[in-house]
Amino acid sequence: MIEKKKIIKFLDLGKQPLANSFLKRKDLNHKEYFYNLSIGFNPDNCLVSILNPANPKKQYTNKYAHRASQSKTMRKKFKEISKKLKNRFKPNLTLEIGSNDGAFIKNFNKKKCIAVEPCKNLAAITNLLGYKTYDKFWNKNLSKFIKKKYGNIDLIFSANTISHIPNTKETFNSIQSILSNNGVLVIEDPYIGNVLKLNSYDQFYDEHVYVFSILSISNLAKKSGLRIFDCEKIDNHGGSMRYYLCKINAKFKETKKLKLKLNKEYFLTFNKISTYKKFAKKIIRSKKKLINILKNLKNKNKKIISYGATYKSTTIFNYCKINSKYLDYIIDTTINKQNKYSPGMHIPIISPEKGMTNNVHYAFLGAWNFNKEIFQKEKLFLQRGGKFITHIPYPRIIGKKHIKNENYKLFK
Ligand code: JHZ
C-alpha cells in the first residue's frame with residue numbers, strides 16, 4: 001500500500017482521465033472521470049509513485065484496450081526472453097501474472113504454465129488458445145488457490161504488471177508464498193533511470209502506480225522474504241529494467257552486474273528527493289517547448305497527426321492541453337481503439353490506412369518507444385518530406401536528414 005504520509009510530492013501533471021478510457025462518439029457528452037495526477041517520492045524505500053491510485057476494478061475491465069501482441073517488436077522480445085528463461089532456469093511450472101493477450105505465455109508448453117489476467121476480454125483470448133488463464137486479480141486468495149491446485153511455481157514472470165498493483169506488500173507476499181525454494185521471479189517494468197534521463201514523464205499515468213528503481217524493488221522485496229540477485233537493462237517500452245528475484249535463502253548469488261547498477265543508482269542520487277525536484281523543473285520546460293512547436297506549425301497551416309494512441313500520450317495531451325486544435329487525429333493499428341476518441345482531449349482515432357495520407361506534414365510520436373519499428377514502416381512518409389515530432393528527450397522535430405539509416409537512435 002502507498003504510505004502517503006511519508007511521500008514527498010515532486011510533480012503535478014494536472015487533471016487526467018484514466019489512460020485507457022477511449023470514448024465512443026455517443027459518450028462524448030457524458031461526464032468523464034478525472035483525477036489529479038501527482039507524483040511523489042518516499043525517502044524511506046526510494047519508491048516513486050503516483051499519489052492517488054485509482055480503483056483497479058475500474059481500470060482492468062472487460063474493455064481493456066492494450067494488446068501486447070500488436071507490436072512486432074514486442075512479439076519478438078517476448079519470444080527471446082521466453083527462450084532465455086527456459087534455458088537459464090529450466091522451470092517445470094511457470095506462472096505469468098498479467099498475461100494480456102498471451103504475447104509471452106504463447107511461447108510456453110500449455111501443460112507447463114498458468115496465467116493470471118484480470119481483464120476478462122484478454123483472459124478469454126488465451127483461454128481459447130488452451131492456456132489456463134484465471135481472469136482474476138493477483139492477490140493472497142488467488143495465490144493460495146493456485147498453490148493448492150498446482151503446487152509451488154518454479155518461474156513467475158510479470159511484465160508491465162507489478163508496477164500497476166497498488167498493494168505491493170500483498171503482491172510480493174503472495175509471490176513469496178507460492179515460489180519454490182529455488183524458484184525465480186522475473187519482473188519487467190519501465191525504469192526510473194530512463195524516465196529521468198529521457199524526461200519521459202508520460203510514463204506516469206493511472207496504471208503506472210509505481211516507476212521502480214533497483215533500490216526500491218530491493219527494499220520492497222526484503223519486506224516479503226525475497227531478494228534481487230540479478231538485473232538487466234532492456235529497451236522495452238522506452239527503457240525498462242528486468243529484475244530477477246528469489247527467496248532469501250535460495251541458491252542464487254548476487255551478480256556483479258547487479259552490484260554495479262545499484263552503485264550507479266546511488267551515484268546518480270536516485271535515493272534523494274533533490275533528483276526528482278530537478279526532473280520536475282525539466283518537465284515544465286518540456287511542456288512549454290512542445291506547445292510552442294505545435295503552435296508554430298499550426299500557424300503555418302500544417303497538418304499534424306499523432307502516431308499511436310498510447311496510454312502515455314493521454315498524460316501528455318491532458319497535461320499540455322493538446323486537443324484537435326493541434327492534432328487532426330491519431331492513427332492506431334489496434335482495432336478496438338479505432339473510431340473512438342482519446343481520453344480527456346477527445347482527439348479522433350482512426351486506422352493508419354485511413355490516416356497516413358499524403359497531406360500529413362507532421363506526426364507526433366505517441367508510440368515513441370517503438371520509434372525504430374515506426375521509422376522503418378514510414379520510410380515513404382519521410383522520403384516525401386514528412387517529419388516526426390517528439391518530446392524525447394526534449395521537444396524537437398526530426399526528419400529524413402536525422403533518420404538517415406536503420407541504426408538511427410531517438411535516444412541513447
Ligand atoms: P504502447 C500500455 O501503454 C499500457 P501504452 C500498459 N499499462 C503498459 O504498461 C504498457 O502498455 C506496456 C500502436 N502502434 O505499447 C499500438 C501503431 O498504431 O507503447 C498501440 O496502441 N502503429 C499495459 O499504450 C500503441 O501504438 C505502430 O506501428 O503507452 C503502442 O502502445 C506501432 C509500433 C504501434 O503502450
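Counting starts at 1 for both ligands and their atoms, following the listed order. Keep in mind that what you see is a predicted model, and the values were worked out from it rather than measured. Numbering of residues begins at 1 and proceeds along the displayed sequence.
- Residue contact check: G308 has heavy atoms under 4.0 Å from atoms 26 (O) of ligand 1.
- For atom 28 (O) of ligand 1, the nearest protein heavy atom (residue, atom name, distance) is K377 NZ, 2.4 Å.
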Legend entry - Stepwise side chain to side chain donor-acceptor pair (under 3.5 Å) check, E32 with H346: CA-CA 11 Å; E32 217 175 331; H346 300 177; 2.7 Å; yes
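- At a cut-off of 3.5 Å, with distance as the only test, a side-chain donor of E232 or Y244 sits close to an acceptor on the other residue.
- Between K136 and N141, the side chains place no donor N or O within less than 3.5 Å of an acceptor N or O (distance only, hydrogens not considered).
- Near F370, meaning under 4.0 Å from any of its heavy atoms, are these atoms of ligand 1: 1 (P), 15 (O), 19 (O), 30 (C), 33 (C).
- Close N/O approach between T310 and ligand 1 is not found [any backbone or side-chain N/O within under 3.5 Å].
- An N or O contact shorter than 3.5 Å links E207 to ligand 1 by distance.
- Counting heavy atoms closer than 4.0 Å to ligand 1, residue T333 contributes atoms from both its backbone and its side chain.
- A donor atom on one side chain and an acceptor atom on the other are found under 3.5 Å apart for N20 and Y311.
- Aromatic ring orientation, F157 versus F104: parallel (interplanar angle below 30°, classes split at 30° and 60°).
- For Y201, the ring pair (Phe, Tyr, Trp, His ring centres under 6.0 Å) partners at least two apart in sequence or on another chain are Y319, H391.
- Given atom 16 (C) of ligand 1, the protein heavy atom at minimum distance is D332 OD1, 3.5 Å.
- Atoms of ligand 1 found under 4.0 Å from any heavy atom of Y307 (numbered from 1 in listed order, with element): 22 (N), 27 (C), 28 (O).
- In H208, the part holding a heavy atom less than 4.0 Å from any atom of ligand 1 is the side chain.
- The nearest non-hydrogen atom to atom 2 (C) of ligand 1, considering only M356, H66, K337, comes from H66.
- With 3.5 Å as the limit, one finds a donor-acceptor pair spanning the side chains of D206 and Q59.
- For ligand 1, the atoms lying closer than 4.0 Å to a non-hydrogen atom of H164 are 6 (C), 7 (N), 8 (C), 9 (O), 23 (C).
- Relative to the six-membered ring of F108, K86 meets both conditions, a distance below 6.0 Å and an angle of at most 45° to the axis.
- Taking every heavy atom of T334 and a limit of under 4.0 angstrom, the matching atoms of ligand 1 come to 16 (C), 20 (C), 21 (O).
- Y329 contributes a side-chain N or O that, together with a main-chain N or O of G355, makes up a donor-acceptor pair within less than 3.5 Å.
- Protein heavy atom in closest approach to atom 29 (O) of ligand 1: K312 NZ, 2.8 Å.
- Heavy-atom contacts of A367 reach the following atoms of ligand 1: 26 (O) (cutoff under 4.0 Å).
- Within ligand 1, counting atoms from 1 as listed, the ones closer than 4.0 Å to a heavy atom of Y64 are 4 (C), 6 (C), 7 (N), 23 (C).
- Ion pair D27/K340 not flagged as a salt bridge, since none of the NZ, NE, NH1 or NH2 atoms sits closer than 4.0 Å to an Asp/Glu carboxylate oxygen.
- The side-chain tip of K277 does not point at the ring of F10 from less than 6.0 angstrom away and within 45° of straight on.
- Residue contacts with ligand 1, taken as heavy atom pairs separated by less than 4.0 Å, do not involve S71 at all.
- Residue-level proximity to ligand 1 for K72 is absent, since no heavy atom of it falls below 4.0 angstrom.
- For atom 8 (C) of ligand 1, the nearest non-hydrogen atom from the set F22, Y311, Y205, W368 belongs to Y205.
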